[in-house]
Student: 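The structure is given below, and queries will be raised subsequently.
Chain letters run A, B, ... following the sequence lines, proteins first and then strands; every chain starts at 1.
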Protein chains: 2
Amino acid sequence: MMDIRMTSQRRLLASVLNESNDHPDVETIYQRCKAKDESTSIASIYRSLSLFEDTGLIEKLDMGDGKARFEIKRTDHDHLLDVETGQIHEFKSQELQRLIKEIADEMGFDLTEHRLEIYGRKQGRTACRCYEIKIY
Amino acid sequence: MMDIRMTSQRRLLASVLNESNDHPDVETIYQRCKAKDESTSIASIYRSLSLFEDTGLIEKLDMGDGKARFEIKRTDHDHLLDVETGQIHEFKSQELQRLIKEIADEMGFDLTEHRLEIYGRKQGRTACRCYEIKIY
DNA sequence: ATTAATAGTGATAATCATTCTCATTAAAAA
DNA sequence: TTTTTAATGAGAATGATTATCACTATTAAT
């Protein structure tokens, strides 16, 4: 039954995450910490991010590129990704929150968390698909 | 303006995906193809999965472990993950589908697709967190 | 306070999923 | 057919993440 220790590195990481209003990837988080403490190690960043995630302090986002992005966990909003620009937009929907909890409940589960990303294209623009494929 | 060719390998991959009612990862898909054609290369599996995804034939799922999972795209259902067992449950919700489209629309976007995973614990069980952490 | 016990760190090697390279093969077009 | 060029298989390369390990710092016990 090991216990968790509060260290200067974790305090720094927490403050960096707290000051970040975007959705930084690990490398970016690492650079921001390093700017405040040159001795910061990326290994510790990974370890502490993982720890913070386990404790529910932060949330890991997957935006399709191969790298994890993080933000302080706010269960009250989700994300919409502009497929053209890659820009991330946040949105809140009580109705959605309620519905998701309801669905979990109907299936006999207590909702732990959810992960929703909506992908969309700015209205007015048209998709340009350069090829077509038919199977069979 | 390159065009796409239908090859025996892609036909095989498509049939394997079609016969899969679970959510196999790349390694599993590779093994299933290999069982039918020993000469199957994992590089081609990756290439063709990526192609199929681009064309909208299949859907990539991210279940939190570091590996991508795939299934034939059915826009009519989403997934609930049992955090205790790792088991994936599918569910359908018209209301959810409608709401997501509505949200995108309200934000000025045409919905391209969405990705939703609900995480839950079977009702009745209690979470066992082995530690507690306080920041500040 | 001092010490003892042990969790955390920095540096870097190891891992592992995915992507790239390139010579060869096979579709589709001419 | 022959030509063109996309796709393949094999394996190397990449890049994000994880593991290792000697050392340091935090917490608990004295």
Student: From CG of A:L49 over to P of D:dA16, roughly how many Å is that when rounded to an integer?
Tutor: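 After rounding, the gap between these two atoms is 15 Å.
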Student: Between A:K101 and A:D110, does at least one N-O distance fall below 4.0 Å, as a salt bridge requires?
Tutor: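 So A:K101 does not pair with A:D110 through a salt bridge.
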Student: About how many Å separate OG1 of A:T55 and CD1 of A:I4, when rounded to the nearest 0.5 Å?
Tutor: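 One finds 8.0 Å between CD1 of A:I4 and OG1 of A:T55.
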Student: Report yes if at least one side-chain N or O of A:R10 is closer than 4.0 Å to OP1 or OP2 of C:dT9; otherwise report no.
Tutor: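 Yes, because at least one side-chain N or O of A:R10 sits under 4.0 Å from OP1 or OP2 of C:dT9.
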Student: Should A:R32 and A:D22 count as an ion pair when the cut-off is N to O under 4.0 Å?
Tutor: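 Yes, this pair counts.
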Student: Is it the case that the ring center of B:H79 lies less than 6.0 angstrom away from the ring center of B:F91?
Tutor: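 Centroid separation for B:F91 and B:H79: 6.0 Å or greater.
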Student: What is the separation between atom CZ on B:F70 and atom C1' on C:dT18, rounded to the nearest whole Å?
Tutor: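 That distance rounds to 10 Å.
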Student: How long is the gap from CE on A:M107 to CG on B:D82, to the nearest 0.5 Å?
Tutor: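 Going from CE on A:M107 over to CG on B:D82, the span is 10.0 Å.
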Student: Between P on D:dT17 and CZ on A:R69, what's the gap in Å once rounded to a whole number?
Tutor: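 Spelled out: CZ on A:R69 to P on D:dT17 is 11 Å.
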Student: Rounded to whole Å, please give me the gap between CG in B:L51 and P in C:dT19.
Tutor: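 After rounding, the reported distance stands at 13 Å.
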Student: What is the separation between atom CD on B:E53 and atom C1' on C:dT18, rounded to the nearest whole Å?
Tutor: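 It is 13 Å, rounded to the nearest whole Å.
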Student: Going by number, which of residues 30-47 of chain B have a non-hydrogen atom under 4.0 Å from DNA chain D?
Tutor: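 Under 4.0 Å from DNA chain D: B:S39, B:T40, B:S41, B:A43, B:S44, B:R47.
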Student: What's the verdict on salt bridge (charged side-chain N to carboxylate O under 4.0 Å, His left out) for A:E27 and A:K67, showing C-alpha distance, side-chain angles and the deciding distance?
Tutor: CA-CA 9 Å; A:E27 181 62 28; A:K67 41 182 92 171; over 6 Å; no
Student: B:A68 or A:S48: which one's nearest nucleotide on DNA chain C is closer to the 5' end?
Tutor: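 It is A:S48, whose closest nucleotide lies nearer the 5' terminus.
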Student: What is the distance, to the nearest angstrom, from the CG atom on B:D25 to the P atom on C:dC16?
Tutor: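 For the pair B:D25 CG and C:dC16 P, the rounded distance is 14 Å.
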Student: What's the separation between atom OG1 in B:T112 and atom OH in A:Y119, rounded to the nearest 0.5 Å?
Tutor: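 So the OG1 of B:T112 and the OH of A:Y119 are separated by 10.5 Å.
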Student: C:dG8 C1' sits how many Å from A:F52 CZ, rounded?
Tutor: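 Going from CZ in A:F52 over to C1' in C:dG8 covers 12 Å.
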Student: In whole Å, what is the span from the NZ atom of B:K67 to the P atom of C:dT18?
Tutor: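 Computing the B:K67:NZ to C:dT18:P distance gives 9 Å.
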Student: Among B:L49, B:V16, B:I42, B:D25, find the residue that satisfies the side-chain contact (heavy atoms from CB on, under 4.5 Å) test when tested with B:Y30.
Tutor: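 Testing each of B:L49, B:V16, B:I42, B:D25 against B:Y30, the sole residue satisfying side-chain contact (heavy atoms from CB on, under 4.5 Å) is B:I42.
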Student: Counting primed atoms plus P, OP1 and OP2 as sugar-phosphate and everything else as base, spell out the protein contacts along nucleotides 25-30 of chain C at 4.0 Å heavy-atom distance: B, S or - for each nucleotide, 5' to 3'.
Tutor: -BBS--
Student: Tell me every residue that passes ring-ring contact (aromatic ring centres under 6.0 Å, His included) with B:H114, counting only those two or more places apart in sequence or in another chain.
Tutor: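 Testing B:H114 for ring-ring contact (aromatic ring centres under 6.0 Å, His included), a comparison that skips the adjacent residues, returns none.
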